[in-house]
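First comes the structure, then the notes that go with it.
Side chains included, hydrogens not; waters and symmetry mates left out as well; all remaining heavy atoms used. Below, chain A is the first sequence line, B the second, and so on; all start at residue 1.
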Number of protein chains: 2
Amino acid sequence: MSSRPLSRKRAQTLERLLAGATAVIAEKGFQRASLDEIAARAGLTKGAVYSNFASKEALFLAVMSAQTLRMQPRFPPDGDLRACLRALGEACAELLPRARAQAAFISEFHLYTLTHDEMRQRLGDAHAAGFAAGAADLVARFPADCLPMPPQVLPVVIQALSLGLVYQHCLTPDAVTPEVAIAAFEALAG
Amino acid sequence: MSSRPLSRKRAQTLERLLAGATAVIAEKGFQRASLDEIAARAGLTKGAVYSNFASKEALFLAVMSAQTLRMQPRFPPDGDLRACLRALGEACAELLPRARAQAAFISEFHLYTLTHDEMRQRLGDAHAAGFAAGAADLVARFPADCLPMPPQVLPVVIQALSLGLVYQHCLTPDAVTPEVAIAAFEALAG
DNA sequence: AGTATCGGATACCAATAAGTATCGAAAATG
DNA sequence: CATTTTCGATACTTATTGGTATCCGATACT
């Protein structure tokens, strides 16, 4: 007993399980992803799942926590507002290639929160943390009267716009190109 | 045989089924909504479902087609760009009270399209039709160089922003008030 | 080495839920 | 009024799947 260094082997199966689950969930959604299929995708069996996770739900949450959308804008050190918004647009554009999988997770998690109230809070927090991190920088960087909207509102809008673009990209990839994302954010600068 | 005027009674049970399905799906999502529960909610039984729909999927699609998000902006007859964007913001704000149910449908339908490619197109079209209808008006109303972004891009952004705000509202209702929606759209005017 | 522990496989169980067969009553049709 | 058709209820079948019990082999400990 006591300290388990989480033997190399175990760490690997855990990783494979998460990878398998991620893949299958991205393809079919969580509910339609059976544990048998997930395990098979990982080259393992359901036994491996249950010796690493208490339940399907636990696996779900583990996958989710690794799949939060996260924007990483690189603001130009001394750029103006427009340049910074453009950087946000570029960061959003970087999410697009993974949009389909991401949207699947978000949709699934969203539905999950319909019947799991305590999780709604968590998802909200995770979104805020991942999406609007850059927004805080913006607000800190420019005086309120330079911003196109109240400083509390801007993060929400950035988040909403990013999320919306990711979703749209899934349905109509050609209509939501990186350029569109950048144009959308730049337009916020006026 | 031949023409059935769709007897009063039948029309009513059909309506009740759709209402029941709508309610249950909004609460739990489509996959977790059992036909037994839907029928019970409608005061009927599964038999009624199968004598009105070929399958659960058919019921699903019927519900969906009645649940597309639809913005109905009322543009001021001679308003400027900002006033028109504000009208869009107001139209978006009107969606918020029903956001939770709507987002459930959208999420569910979105997941559905993961495994039903032909439906992805339909959902994309439905969104475009419902969301960006007002955008076409905008584009028609103002010369391209008055708009904050290329005329093909604007509808996409309006749609993305609306969808994003609806989603966000589900998770953090207090952060996405009607005022926030309006401010977001107005900011597009610069 | 010998023994205990752990991780994963196999086989099984039980619940859920979609779909089907059938039947009865009410309404439409003549 | 008779008869046919329609609609919805009931009961059943069947497949899926989350979860459990158990067993075996490999690794870790003394």
In whole angstrom, what separates [X]'s [atom1] from [N]'s [atom2]?
X       : N      : atom1 : atom2 : answer
A:Asp36 : C:dA9  : CG    : P     : 12 Å
B:Lys28 : C:dT16 : NZ    : P     : 11 Å
A:Arg8  : C:dC6  : CZ    : C1'   : 18 Å
B:Gln31 : D:dT17 : CD    : C1'   : 13 Å
A:Leu35 : C:dC12 : CG    : P     : 20 Å
A:Arg32 : C:dA17 : CZ    : C1'   : 12 Å
A:Gln12 : C:dG8  : CD    : C1'   : 14 Å
B:Leu59 : C:dG19 : CG    : C1'   : 14 Å

Check: Do B:Phe60 and B:Phe109 have ring centres separated by under 6.0 Å?
Finding: yes

Next item on the list: Using Watson-Crick or G-U wobble geometry with both distances below 3.5 Å, tell me the partner of D:dT30, or none.
Entry: C:dA1

Next item on the list: Indicate if B:Met71 and B:Leu69 have the same hydrophobic cluster label, given that clusters are the connected sets of ILVMFWY residues with side-chain heavy-atom separations under 4.5 angstrom.
Entry: yes

Item checked: Transitive ILVMFWY side-chain link A:Val63 to A:Val24, under 4.5 Å -> yes

Next item on the list: Determine, for B:Glu90 against B:Arg86, whether the closest basic-nitrogen to carboxylate-oxygen distance falls under 4.0 angstrom.
Entry: yes

Item checked: Salt bridge present between A:Asp125 and A:Arg122 (N-O < 4.0 angstrom) -> no

Margin query: If the test is side chain to side chain contact (heavy atoms under 4.5 Å, CB included), which one of A:Met119, A:His127, A:Arg120 qualifies with A:Leu123?
Written below: A:His127

Margin query: Heavy atoms only, 4.0 Å cut-off, all strands: where does A:Ala33 land among base, sugar-phosphate and nothing?
Written below: sugar-phosphate

Restricting to nitrogen or oxygen on both sides, can you table the protein-nucleotides 8-11 of chain D pairs closer than 3.5 Å?
from: D:dG8; atom 1: OP1; to: B:Thr13; atom 2: OG1; distance (Å): 2.5
from: D:dG8; atom 1: OP2; to: B:Ser51; atom 2: OG; distance (Å): 3.4
from: D:dG8; atom 1: OP2; to: B:Asn52; atom 2: ND2; distance (Å): 2.9
from: D:dA9; atom 1: OP2; to: B:Thr45; atom 2: N; distance (Å): 2.8
from: D:dA9; atom 1: OP2; to: B:Thr45; atom 2: OG1; distance (Å): 2.5
from: D:dA9; atom 1: O5'; to: B:Thr45; atom 2: OG1; distance (Å): 3.2

